[in-house]
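Keep in mind the model is a prediction, meaning the values are calculated, not measured. Chain letters run A, B, ... following the sequence lines, proteins first and then strands; every chain starts at 1.
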Amino acid sequence: MAEQKKLIVIAGPTAVGKTAIAIEVAKSLDTEIISADSRQCYRGMTIGTAQPSAEERAIVPHHFVDCYDVQEALNAADFERYALEKLEDIFAQHQYAVVCGGTGLYLKALCEGLDDMPAIDPIINQVVLDHYAAKGMDWMCKELRQKDPEFAAMGAMDNPARMLRALAFKLSVGTSIVQYRTAVKKDRPFDIINIGLELPREQLYERINQRVDIMMQQGLLQEAQQLYPQRHLKNLQTVGYAELFAYLENKMTIAQAVEKIKQHSRNYAKRQLTWFKKDKAFTWLNAQDPHLMAKIADVL
RNA sequence: GGUGCGAUAGCUCAGUUGGUAGAGCAAUGGACUGAAAAUCCAUGUGUCGGGGGUUCAAAUCCCUCUCGCACCA
């Protein structure tokens with residue numbers, strides 16, 4: 001009987017050095033990488049999302065990078081499907097596969113699965129969005145309390161993003177979204193090894209600041225200019241672009257925009273750490289440990 | 001040199017007729033099952049520029065000094 005296939009998850013905050021390390025790991029195991037990053041998958045967001053370069057991709061094949069139009073709004077469930085399918089291909093030829101990324105929900109979707117849920121009618125969804133834009137939170141609270149008291153009772157009634165989905169779900173499916181949330185972990189036909197990369201906070205923040213300066217030198221502003229006409233897409237509600245759009249609209253100076261990008265990247269890194277640290281399955285390693293590769297080999 | 005305005009949380013500022021301070025942003029911590037680089041929640045002791053005075057009580061009134069800004073010379 002063949003040995004169980006193994007998925008190596010490499011996660012951590014932005015700018016910690018995940019990409020380079022994942023490449024080294026994948027190369028040494030002679031396998032491929034699936035990126036678990038909700039923004040690197042879009043074409044045209046090359047510099048701002050720090051997509052692996054062509055040279056890096058020539059060393060190890062990457063998937064879910066630079067392969068969708070920004071108009072296509074993918075979500076965690078789409079990633080789950082994509083990654084499971086791709087893993088089947090990779091495992092057909094390799095003992096190991098590497099998933100590398102910083103989007104916690106996507107990693108969770110892949111490793112534990114999302115509950116199966118019916119799709120929301122896009123027309124109803126749009127109607128709900130429009131009503132919310134016109135009438136605001138008060139309207140949505142009232143509407144939810146009336147139409148989906150079960151959700152309203154759960155106490156997420158201060159978060160518009162989730163309320164919007166709950167309302168649109170209830171209106172198009174007819175049942176409360178709460179009914180579909182079983183939180184049952186799915187069994188996957190492979191072992192999962194979780195590796196978290198970290199650095200002392202000060203050092204991480206310093207790296208983030210430096211990387212933003214480098215991105216600007218590489219032409220982030222020009223990249224943002226090209227995407228500017230599509231700035232209202234949710235995929236472009238992204239650190240590094242939103243701030244430059246504000247600059248392009250004369251809402252702040254370029255220096256202020258760069259400062260904001262650094263600040264928001266630091267905030268984002270902290271949120272990522274909060275998410276991953278809660279998951280006790282991770283083995284944490286210092287991203288700059290000189291014996292990193294040996295330590296990773298130990299974990300496998 | 002003169003006059004006026006300002007000096008309050010890391011930053012920008014509120015502070016009503018005197019009752020020992022509060023917002024936004026930042027920062028820190030946290031949540032998060034289909035927008036997740038998103039979205040949201042929690043946390044505010046700071047010689048109220050220094051010194052003196054009036055008062056039971058002063059960020060708030062008076063005097064003075066220091067520093068900024070503006071205007072007049």
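With P as the reference atom, B:U8 and B:C13 are 9 Å apart, rounded to whole Å. Rounded to the nearest Å, the gap between the C1' atom of B:A57 and that of B:A21 is 15 Å. Between the P atoms of B:U47 and B:C41, the separation comes to 30 Å (whole Å).
Sorted by first and then second residue, the ring-ring contact (aromatic ring centres under 6.0 Å, His included) pairs involving residues 106-133 of chain A (not counting sequence neighbours) are A:Phe79-A:Tyr106, A:His131-A:Trp139. For residues 170-190 of chain A, the pairs satisfying ring-ring contact (aromatic ring centres under 6.0 Å, His included) are A:Phe91-A:Phe190, A:Phe169-A:Tyr180, with sequence neighbours left out. For residues 206-216 of chain A, the pairs satisfying side chain to side chain donor-acceptor pair (under 3.5 Å) are A:Thr14-A:Arg211, A:Glu206-A:Gln210, A:Asn209-A:Arg266, A:Asp213-A:Lys262, with sequence neighbours left out. Judged as a ring-ring contact (aromatic ring centres under 6.0 Å, His included), not a single pair has a partner in residues 11-31 of chain A (not counting sequence neighbours). Counting only residues at least two apart or on different chains, the ring-ring contact (aromatic ring centres under 6.0 Å, His included) pairs with a member in residues 281-300 of chain A are A:Phe276-A:Phe282, A:Phe282-A:Trp284.
The side chain of A:Pro160 approaches B:C40 more closely than any other nucleotide in the set B:A38, B:A35, B:C40. The side chain of A:Arg181 approaches B:G34 more closely than any other nucleotide in the set B:U39, B:A36, B:G34. The side chain of A:Arg162 sits closest to B:A36 out of B:A35, B:C40, B:A36. Nearest to the side-chain atoms of A:Arg165 among the listed nucleotides B:C41, B:A37, B:G34 stands B:G34.
Aromatic ring orientation, A:Phe245 versus A:Tyr241: tilted (interplanar angle from 30° to 60°).
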Show every donor-acceptor pair shorter than 3.5 Å between a side-chain atom in residues 142-152 of chain A and any protein atom, with sequence neighbours excluded, or say none if there are none.
residue	atom	partner	partner atom	Å
A:Glu143	OE2	A:Lys147	NZ	2.6
A:Asp148	OD1	A:Glu150	N	3.4
A:Asp148	OD1	A:Phe151	N	3.1
A:Asp148	OD1	A:Ser176	OG	3.0
A:Asp148	OD2	A:Ser176	OG	3.0
A:Glu150	OE1	A:Gln179	NE2	3.2
A:Glu150	OE2	A:Gln179	NE2	2.8

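The shortest heavy-atom contact between A:Arg43 and A:Val70 is O-CG1, 3.8 Å.
Less than 4.0 Å separates RNA chain B from at least one heavy atom of each of the following residues of residues 246-271 of chain A: A:Gln263, A:Arg266, A:Asn267, A:Tyr268, A:Lys270, A:Arg271. Of the residues in residues 69-83 of chain A, A:Leu74, A:Asn75, A:Ala77 come within less than 4.0 Å of RNA chain B through at least one heavy atom, sorted by number. Within residues 217-231 of chain A, no residue approaches RNA chain B, by heavy-atom distance under 4.0 Å.
In this structure, A:Gly113 reaches neither bases nor backbone, as no heavy-atom distance under 4.0 Å exists between it and the strands shown. When heavy atoms are screened at a 4.0 angstrom cut-off, A:Val178 is found touching no nucleic acid atom at all. A:Tyr205 comes within 4.0 angstrom of sugar-phosphate atoms only, judged by non-hydrogen atoms across all strands, and of no base. Among the heavy atoms of the strands lying under 4.0 Å from A:Asp115 is at least one base atom, whether or not backbone atoms are also near.
Every residue two or more places apart in sequence or in another chain that forms a salt bridge (Lys or Arg N to Asp or Glu O under 4.0 Å) with A:Lys6 is listed here: A:Glu3. Checked against salt bridge (Lys or Arg N to Asp or Glu O under 4.0 Å), A:Glu112 has the following partners two or more places apart in sequence or in another chain: A:Lys185.
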Q. Under a 3.5 Å cutoff on both atom distances, Watson-Crick or G-U, what's the dot-bracket for RNA chain B ([ ] crossing, | other strand)?
A. (((((((..((((........)))).(((((.......))))).....(((((.......)))))))))))).
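For A:Tyr106, a side-chain nitrogen or oxygen approaches OP1 or OP2 of B:A36 to under 4.0 Å.
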